[in-house]
Number of protein chains: 2
Amino acid sequence: MNSEFTIAVHSLVLLAYLPERMATSETIAVNVGTHPARVRKVMSCLRRGGYVDTREGSGGGYWLTAQPAEVTLKDIYRVIAIGSLMPNWCSGNPDADCIVGSNMKEVMYGIFCAAEQRLESYFAGITIADVLAQIRECEPK
Amino acid sequence: MNSEFTIAVHSLVLLAYLPERMATSETIAVNVGTHPARVRKVMSCLRRGGYVDTREGSGGGYWLTAQPAEVTLKDIYRVIAIGSLMPNWCSGNPDADCIVGSNMKEVMYGIFCAAEQRLESYFAGITIADVLAQIRECEPK
DNA sequence: CTAACTGTAACTGATATTATTACAGTACAA
DNA sequence: TTGTACTGTAATAATATCAGTTACAGTTAG
């Protein structure tokens with residue numbers, strides 16, 4: 001899995017934590033530990049998903065429009081990282097004579113799709129509010 | 001996830017399918033669609049896990065020692081691919097002042113570990129024999 | 001008009017993945 | 001005991017993916 005999912009979750013949790021529920025890509029990037037351009041790319045996806053709103057220009061930035069308790073990690077996963085469980089490489093060769101070689105690709109595809117659904121159902125049980133609550137429970141540094 | 005897990009499953013299913021339950025790395029590699037050296041690397045892990053036995057030298061190769069109905073994809077996952085769900089990149093900075101930035105890494109780590117357990121429990125329900133049965137159910141080409 | 005933003009694409013460098021080569025070690029069989 | 005056919009493993013090369021960075025057009029507030 002690439003890390004855009006993590007960046008997306010982190011960004012939404014940060015917005016939920018901030019009193020104004022608003023921040024610029026620069027502020028988010030510092031908190032996440034990456035480059036503002038990368039944050040903007042991820043936030044564009046979240047905007048298309050309807051979880052944040054953006055304003056360009058001076059005084060602009062990103063703010064949370066969704067309720068933290070109503071956005072799940074599954075929602076975010078589907079917007080940002082869907083399909084990332086499946087390896088890019090597939091085994092077998094559909095034209096082979098052997099039924100194992102010729103059908104393995106399809107069977108493994110089915111297995112990974114079902115695995116991804118399991119993963120999504122786990123993520124469906126975790127909201128942005130839950131993640132923020134876990135953060136508040138951490139030992140103060 | 002890298003594709004060694006897929007190669008391992010494919011190899012074991014092929015061995016379970018073959019009447020002798022035995023094959024060389026060359027035979028397996030052709031069926032899987034990769035290089036024999038790569039198959040040998042994966043099979044070394046499976047040997048250490050106790051799922052196959054190997055014999056060097058002329059007439060050697062790999063054969064299945066475990067019962068196909070008793071080896072699960074979870075067993076294989078743990079031997080070959082454990083930890084592969086977690087991204088290599090982590091967000092946040094434990095030294096930051098903000099509790100979100102300083103604790104996100106740890107919280108996301110916990111989320112991914114639990115997700116991996118979910119994945120493993122799904123894989124625990126699928127045996128090599130199940131995969132082979134699915135292959136036999138596929139339309140003949 | 002200017003400063004401060006986002007949106008997005010292009011490019012670079014780093015890292016991960018897969019393929020390939022190489023060769024030492026082992027076992028069988030003539 | 002020598003040749004052939006294998007495994008075991010490391011090193012290298014080729015390729016793909018990922019993350020960082022730069023660049024700049026477009027937008028908005030003041």
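Order of the sequence lines fixes the chain letters, A, B, ..., with proteins taken first and strands second; residue numbering starts at 1 for each chain. Note that the structure is a prediction, hence the values are computed from the model and not measured.
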Margin query: Using the rule given for side chain to side chain contact (heavy atoms under 4.5 Å, CB included), can you reason through Leu119(A) versus Leu119(B), listing the C-alpha separation, both sets of side-chain angles and the distance that settles it, and then say yes or no?
Written below: CA-CA 7 Å; Leu119(A) 188 63; Leu119(B) 189 63; 5.6 Å; no
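- At whole-Å resolution of the value, NE2 in His35(B) and P in dT15(D) are 15 Å apart.
- A donor-acceptor pair is defined here as one N or O able to donate and one able to accept, closer than 3.5 Å; such a pair exists between the side chain of Thr65(A) and the backbone of Tyr51(A).
- Between Asn88(B) and Ser58(B), the residue anchored closer to the 5' end of DNA chain D is Ser58(B), taking for each the nucleotide with the nearest heavy atom.
- Going from atom CD of Glu20(A) over to atom P of dC5(C) covers 15 Å, rounded to whole Å.
- The CD1-C1' distance, from Ile7(A) to dG20(D), rounds to 11 Å in whole Å.
- In this structure, Asn2(B) atom CG and dA19(C) atom C1' are separated by 14 Å, rounded to whole Å.
- Annotation: of the two residues near DNA chain D, Arg38(A) and Gly59(A), the 5′-most nearest-nucleotide partner is Arg38(A).
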Check: Between Ser3(A) and Thr6(A), does a side-chain hydrogen bond (donor to acceptor under 3.5 Å, both in side chains) hold up when you go through it step by step?
Finding: CA-CA 5 Å; Ser3(A) 54; Thr6(A) 301; over 6 Å; no
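- Phosphate contact (OP1/OP2 of dA14(C), side-chain N/O of Trp89(B), threshold under 4.0 Å): absent.
- Residues Glu116(B) and Tyr122(A) bring no donor and acceptor atom of their side chains to less than 3.5 Å of each other.
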Output a table of nitrogen or oxygen pairs between the protein and nucleotides 7-14 of chain D separated by less than 3.5 Å.
residue : atom : partner  : partner atom : Å
dT7(D)  : OP1  : Ser25(B) : N            : 2.9
dT7(D)  : OP2  : Ser25(B) : OG           : 2.7
dG8(D)  : OP1  : Arg47(B) : NE           : 3.1
dG8(D)  : OP1  : Thr54(B) : OG1          : 3.0
dG8(D)  : OP2  : Tyr62(B) : OH           : 2.9
dG8(D)  : N7   : Arg40(B) : NE           : 3.1
dG8(D)  : O6   : Arg40(B) : NH2          : 3.3
dT9(D)  : O4   : Arg40(B) : NH2          : 3.4

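- Residues Ile28(A) and Trp89(B) share a hydrophobic cluster, clusters being chains of Ile/Leu/Val/Met/Phe/Trp/Tyr side chains in contact below 4.5 Å.
- The side-chain heavy atoms of Tyr62(A) and Arg40(A), taken from C-beta on, include a pair separated by under 4.5 Å.
- Atom CE of Met1(B) and atom C1' of dC18(D) are 18 Å apart (whole Å).
- The side chain of Thr34(A) has dG20(D) as its nearest neighbour among dC28(C), dG20(D), dC18(D).
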